[in-house]
Amino acid sequence: MRSTRTDVRNVAIIAHVDHGKTTLVDQLLRQSGVFRANQEVVDRVMDSNDIERERGITILSKNTAVNYDGVKINIIDTPGHADFGGEVERVLKMVNGVVLVVDAFEGTMPQTRFVLKKALELSLDVVVCVNKCDRPEARPDEVVDEVLELLMDLDATDQQLECPFIFASARGGWARTSMDSDNADMKPLFEAIINHIPAPEGDPEAPTQILISTIDYNEYVGRIGVGKVDNGSIRVNQEVAIVNHHEPDKLRRVKIGKLYEYEGLNRVEVKEAEFGSIVAVSGISDLHIGDTITSPESPESIPFQKISEPTISMNFMVNDSPLAGQEGQYITSRHLRERLFRELNTDVSLRVEELTPDCFKVSGRGELHLSVLIENMRREGFEFAVSKAEVIYHFDERDKRLEPMEIAFVDVPDEFTGAVIQKLTSRKGELIGMTPIHGNYTRLEFNIPSRGLIGYRGEFMTDTKGNGILNTEFEGYGPYKGDMFYRKAGSIIAYESGEAVAYGLFQAQERGQLFIGAGVKVYAGMIIGQSGKSEDVEVNVCKTKKLTNTRASGSDDALKLVTPKVMSLEQCLEFIDTDELLEVTPENLRIRKKILDPTLRKRSMIKQKQNS
């Protein structure tokens, strides 16, 4: 017989990137008494990964639990960026409702729409938290209207439309039911969660059923499956079966090794858990997202939405440049293969395919998704090379090529709209909407191929003087839009190996923007700058001045070198062209041509032109 557990609430915090959901979780943890009074706690405690802290974004969804008024609230902090949408899609299966966080100034953004749509499709109840109400330019009343419009656009039910609105400042540590109130703590938000998010339902007498929604990995205990107990109960050493909704033939009998529940930021070992609890299970090898842990006597799987397929791929390969092996700790194909396949343990949106023993095709949800993996590997001491990101094509039944399409939402100051429209239409984008928004800004909506956005973000920030906001949402596959040229400018290529000297750089800087300064090791075929023209230029930056015994006026003047442009990993990935590679080491990022020898490179270009 089905019953309700009133002492538990399972809720996910969803929002657009940088709308303050991680800071909000911080405050809920602090004000529920998770931390001791004298405990030192860092800000954004849920962002445990170094890259998450540096970039201020959530990459991996994380579980925590707080107790309020005798009710245990399991909270899942989800990523807000579209590239990590695979994380959001699956964790929503564990919860009965969501807290939608919306910035009181920016209002509803594209990613707000994406995550809210996923929640409404699963018939989850919503509590709306209008955050950052302490900002001087906050406009909470208008944002409430925007959220209601969005809910109506997404065909929300009457119950979902009657969601409570809470006005908050996560940084200030307060939440209020109206802007006229002077409440100074988060109590109204806690109460809204308890009163409006349904308690989990299930049948305590039924056979065990747990849908695995997240996989964690630990070197000591192996794979750890996280999911909600839908029916029955689960205990340590229980005999269970593993089944999968999308793989009807799958059926394995296993034993539960260890069982954990969440308390604050910790996983606490328990002997048994009832329906409605969010648990972590270890001791089962080869456990995957979408698997159902169930009773061996009556194995019944829980339906699970398939994770969206990757849209972009890069080749990761062993570094074979003349400077290979000098800076990295892990440099062989064995190390690279092991690390990439280990990433598959926790990242469900990633695909890895072995093309040759030294080269792997890695596919993900977007440039950011893959660049975070590259940055993590680089920090762990890996040295390797990557190719330009390329989109993954599909073919229809008539063998016509289809490519991934995105909806790009661009918020720009009015004065820059012309430049942005011109650039995106040249990249096969189609303008489908243009609306004025607050503060002399315009919101442009484009339907554009994913490859049209590769390498565009840097240009966009330059064109809008850093004031534009670009957000994308995967739309699906559409007909191929035709060939596209990624880069207008050519590369400045080093002609000789050695060390760059001031005299050689002084001669080279007239040709364009340099990426290196004096004293940097270079090799033939390495790209040391961006040419002012569309063709590639070869220069010798190791050239020293010839010494003579004749002295002329002005010949001994100090050479003035322009400061080189130091590029981040994302800028390098955006810059490289299809015939180039990015050499990644723990200490340096070097761009190079795939074919280092200038003669062989020219022959290859001639052959390509003849074939095309």
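Remember, predicted model here, so these are calculated numbers, not experimental data.
Between Arg337 and Glu354 a salt bridge is recorded (basic side-chain N to carboxylate O distance below 4.0 Å).
At a threshold of 4.5 Å between non-hydrogen side-chain atoms, the residues His196 and Asp125 do not count as touching. For the pair Ile75 and Val99, the minimum side-chain heavy-atom distance is 4.5 Å or more. Between Val147 and Cys163 there is no side-chain heavy-atom pair separated by less than 4.5 Å. Tyr260 is not listed as a side-chain neighbour of Val226, based on a closest heavy-atom distance of 4.5 Å or more. Here the side chains of Leu424 and Leu453 are in contact, with some heavy-atom distance below 4.5 Å. Side-chain atoms of Lys388 and Ile454, non-hydrogen and from C-beta on, do get closer than 4.5 Å to each other. No side-chain heavy atom of Glu261 sits under 4.5 Å from any side-chain heavy atom of Val268.
A distance-only check finds a donor-acceptor pair linking the side chain of Glu383 to the backbone of Gly328 [under 3.5 Å]. Not a single donor-acceptor pair under 3.5 Å links the side chain of Arg253 to the backbone N or O of Ala241. The backbone N or O of Thr208 lies less than 3.5 Å from a partner atom in the side chain of Thr294, making a donor-acceptor pair. Judged purely by atom type and a 3.5 angstrom limit, Asn67 has no side-chain atom pairing as donor or acceptor with the backbone of Gly70. A donor-acceptor pair is defined here as one N or O able to donate and one able to accept, closer than 3.5 Å; such a pair exists between the side chain of Ser295 and the backbone of Glu297. Ser387 contributes a side-chain N or O that, together with a main-chain N or O of Asn315, makes up a donor-acceptor pair within less than 3.5 Å. Checked by atom type and distance alone, the side chain of Arg9 pairs as donor or acceptor with a backbone atom of Ile194 at under 3.5 Å. Between the side chain of Lys72 and the backbone N or O of Tyr262, at least one donor-acceptor pair lies under 3.5 Å. Panel note: side chain Asn319, backbone Val584; no donor-acceptor pair is recorded below 3.5 Å. One N or O on the side chain of Gln160 and one on the backbone of Leu124 form a donor-acceptor pair closer than 3.5 Å.
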Run the side-chain contact (heavy atoms from CB on, under 4.5 Å) check on Asn244 and Ser301 step by step: do they pass? CA-CA 6 Å; Asn244 192 300; Ser301 62; 5.9 Å; no
Residue pair Glu390, Thr578: steps toward the side-chain contact (heavy atoms from CB on, under 4.5 Å) verdict: CA-CA 9 Å; Glu390 292 185 354; Thr578 46; 3.8 Å; yes
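Taking every heavy atom of both residues into account, Lys93 and Ser213 meet most closely at CB-OG, 4.0 Å. In this structure, Val352 and Leu340 approach most closely via the heavy-atom pair CG2-O, 3.9 Å. Closest approach of Glu274 and Val229 over heavy atoms only: O-CB, 3.5 Å. For the residue pair Val128 and Val126, the shortest heavy atom distance occurs at CG2-CG1, 4.0 Å. Contact between Met317 and Leu581 at its shortest, heavy atoms only, is CE-CD2, 3.8 Å.
Using bins of under 30°, 30° to 60° and over 60° for the plane-to-plane angle, the ring pair Tyr68/Phe190 lands in the parallel bin. Taking the six-membered ring for Trp and thresholds of 30 and 60 degrees, Tyr477 and His394 have nearly parallel ring planes, at less than 30 degrees apart. Using cut-offs of 30° and 60° on the angle between ring planes, the pair Phe382 and Tyr330 is tilted.
Inspection of the Asn231 and Asp203 side chains reveals no N or O donor paired with an N or O acceptor under 3.5 Å. Between the side chains of Ser313 and Arg351, no donor-acceptor pair of N or O atoms lies under 3.5 Å. Counted by atom type alone, Thr157 and Gln159 present zero donor-acceptor pairs between their side chains at under 3.5 Å.
Lys481 NZ to Arg451 CZ: the interatomic distance, rounded to the nearest 0.5 Å, is 9.5 Å.
Atom NZ of Lys258 is surrounded by 12 or fewer heavy atoms from other residues, nucleotides or ligands within 6.0 Å.
With sequence neighbours excluded, the residues forming a side chain to side chain contact (heavy atoms under 4.5 Å, CB included) with Ser450 are Val391, Pro404, Glu406, listed by chain and number.
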